Amino acid sequence: MRIDVVSLFPDFVRQCAAVGVVGRAQQRELLQVEAWNPRDYAIDRHRSVDSSSYGGGPGMVMMIEPLRTTLAAMRAAAPEAVHLIYLSPQGTRLTQGRVEALAKLPRIGLLCGRYEGVDERLLAHEVDEELSIGDYVLSGGELAAAVIIDAVGRLQDGALNDAQSAEQDSFSDGLLDCPHYGKPVHHALGDVPEVLLSGDHAAIARWRLKQSLGRTWLRRPDLLSQCWLDAESRALLEEFRREHVR
Ligand SMILES: Nc1nonc1C(=O)NCC1CCCCC1
């Protein structure tokens with residue numbers, strides 16, 4: 001998969017994509033992340049990328065040019081069509097379901113705004129999808145782009161050493177993740193739950209599902225209401241609720 005990022009801070013994006021699972025995915029050529037700086041395509045003496053906003057008001061707007069030239073160069077750099085995403089609080093809220101769909105595409109573009117945003121005419125003409133990572137305002141789209149690069153990059157086949165860890169992630173089945181425990185078994189902060197030491201994989205799987213169901217019920221009832229639960233899950237959740245109330 002190829003991800004092209006248009007940003008005034010390309011090094012920031014490159015560094016985010018160079019570490020950890022995503023960095024390894026790039027080394028394994030499972031993922032390619034390229035950054036494009038509109039300032040490199042600015043043709044005036046001052047290499048302008050922004051202008052004041054018509055109608056007045058504070059702040060600047062990223063102009064149509066040189067963004068449009070940058071996008072044309074980006075699109076031409078590889079044969080695959082680009083699904084271009086603009087990151088902003090005005091976008092559709094990003095979900096794991098959308099991440100999984102994006103991860104299947106051969107190529108996406110991420111347009112990172114700065115200042116007060118990008119000229120609406122450029123967005124209307126060039127952008128395929130607007131996404132938000134949450135209801136708050138950042139100083140630019142780069143952190144949101146980094147979130148998408150990470151969430152999508154880690155799902156590339158072969159990116160995670162143990163494929164299961166993607167399947168058992170929070171949200172992968174619509175539920176929050178279960179608690180995790182490592183060494184030591186006994187500690188002043190508490191002990192590892194017995195079932196996890198039992199070697200009974202069926203019991204362990206049941207315990208983990210029960211914890212995921214219970215946590216989702218307690219912390220994100222909105223997610224739970226969207227889940228279809230089979231008989232076993234409904235019974236496990238009921239068990240958790242009974243134990244929780246005591
Ligand atoms: N929230 C967000 N989700 O995705 N992006 C977000 C953001 O806050 N982006 C910064 C703004 C800054 C002004 C230009 C347009 C982007």
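Every number for a ligand or one of its atoms is a count from 1 in the order of the listing. The structure displayed is predicted, hence computed values, not measured ones. We count residues from 1, following the sequence as given. Hydrogens, waters and symmetry mates play no part in the numbers below; they use all other heavy atoms, side chains included.
Every N/O-N/O distance between Gly117 and ligand 1 stays at or above 3.5 Å. At a 3.5 angstrom cut-off on N or O pairs, Arg114 does not count as close to ligand 1.
Between the side chains of Ser225 and Asp222, no donor-acceptor pair is found at a separation under 3.5 Å.
More than 12 heavy atoms of other residues, nucleotides or ligands shown are found within 6.0 angstrom of CZ on Arg28. Open room surrounds CG on Asp157; 12 or fewer heavy atoms of other groups in view lie less than 6.0 Å from it.
For Ala144, every heavy-atom contact with ligand 1 shorter than 4.0 Å involves the side chain, none the backbone.
Of all non-hydrogen atoms in Tyr136 and Pro89, the two that sit nearest each other are O-CG, 3.8 Å. The two residues Met62 and Gly113 have their closest heavy-atom pair at SD-CA, 3.8 Å. Heavy-atom minimum distance, Leu155 versus Ala103: CB-CB, 4.0 Å.
Among Leu138, Leu131, Leu94, Ile133, the residue whose heavy atom sits closest to atom 8 (O) of ligand 1 is Leu138.
Counting only distance, with no hydrogens or angles, the side chain of Glu65 and the backbone of Thr69 share a donor-acceptor pair below 3.5 Å. Side chain of Arg93 to main chain of Leu131: no donor-acceptor pair is present (N/O by atom type, distance under 3.5 Å, no hydrogens or angles).
Residue, atom and distance of the protein heavy atom nearest to atom 15 (C) of ligand 1 are Tyr86 OH, 3.3 Å. Of all protein heavy atoms, the one lying nearest to atom 1 (N) of ligand 1 is Tyr136 O, 2.8 Å. Counting protein heavy atoms only, atom 9 (N) of ligand 1 is closest to Gly140 O, 3.7 Å. Protein heavy atom nearest atom 7 (C) of ligand 1, with residue, atom name and distance: Pro89 CD, 3.6 Å.
Listed by chain and number, the residues in a ring pair (Phe, Tyr, Trp, His ring centres under 6.0 Å) with Trp217 are His244 (sequence neighbours excluded).
Of all the atoms in ligand 1, the ones that sit under 4.0 Å from a non-hydrogen atom of Gly134 are 1 (N). Contact atoms of ligand 1 toward Tyr115: 13 (C), 14 (C) (distance under 4.0 Å to a heavy atom of the residue). Listed by number with element, the atoms of ligand 1 under 4.0 Å from a non-hydrogen atom of Ser88 are 2 (C), 3 (N), 4 (O), 5 (N), 6 (C). Within ligand 1, the atoms closer than 4.0 Å to a non-hydrogen atom of Val137 are 8 (O), numbered from 1 in the order shown. Remark: ligand 1 atoms within the under-4.0 Å shell around heavy atoms of Leu87 are 4 (O), 5 (N), 16 (C).
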